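Shown next, in structure tokens, is the structure this report addresses.
Atoms considered below: every heavy atom in the structure, side chains included; atoms not considered: hydrogens, waters and symmetry mates. If you read the sequence from its start, that first residue is 1, and numbering goes on from there. Keep in mind it's a predicted model, so treat the numbers as computed, not measured.
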Amino acid sequence: MAIAVIALILGVLLGAFILIPRHGKSAHTNQVQSNGNNSKASKSYRKTEVALHNKRTDCWIIIKDKVYDVTSYVEEHPGGDAILAHAGDDSTEGFYGPQHASRVFDMIDDFYIGDLQK
């Protein structure tokens, strides 16, 4: 009985940790919010430029022709190093995979830095 209660408490805490949005994740998040308008690109990037940002300590990804600097999120990513599989490249397919909760679609806007140049 005690094990069931402990498991239930841990489950609730883990669920809250995953579902409750975190604020003030990084300096980049604050910078994007201070711009006041995440829907318009402040800059556009070539794919070759994005490709240079392909490491754990400097990680940019492309999702539907938008560029995101997710460096500050790499260590927090619940899927571990899976986020690095397409670092510096197009991550659209992986991003829209079944493993992501709908909350991730709101979170990604915090990391938006511009559009992919066509």
To the nearest 0.5 Å, tell me how far Ile61 CD1 sits from Asp89 CG. 10.5 Å

Enter the distance from Leu116:CG to Lys64:NZ here, rounded to the nearest 0.5 Å. 14.5 Å

Can you find a pair of side-chain heavy atoms, one from [X] and one from [Y], that are under 4.5 Å apart?
{"X": "Ile113", "Y": "Tyr45", "value": "yes"}
{"X": "Lys55", "Y": "Thr71", "value": "no"}
{"X": "His53", "Y": "Asp69", "value": "no"}
{"X": "Thr92", "Y": "Asp65", "value": "no"}
{"X": "Trp60", "Y": "Phe111", "value": "no"}
{"X": "His86", "Y": "Phe95", "value": "no"}

Give a yes or no answer on whether the side chain of Ser44 reaches the backbone of Gln117 with a donor-acceptor pair at less than 3.5 Å. no

Should Leu52 and Ile62 be counted in the same cluster of Ile, Leu, Val, Met, Phe, Trp and Tyr side chains packed under 4.5 Å apart? no

Linked, directly or transitively: Phe105 and Ile63 (ILVMFWY side chains, under 4.5 Å): yes

Chi angles and distances behind the side-chain contact (heavy atoms from CB on, under 4.5 Å) call for Val70, Ile108: CA-CA 8 Å; Val70 294; Ile108 196 66; 4.3 Å; yes

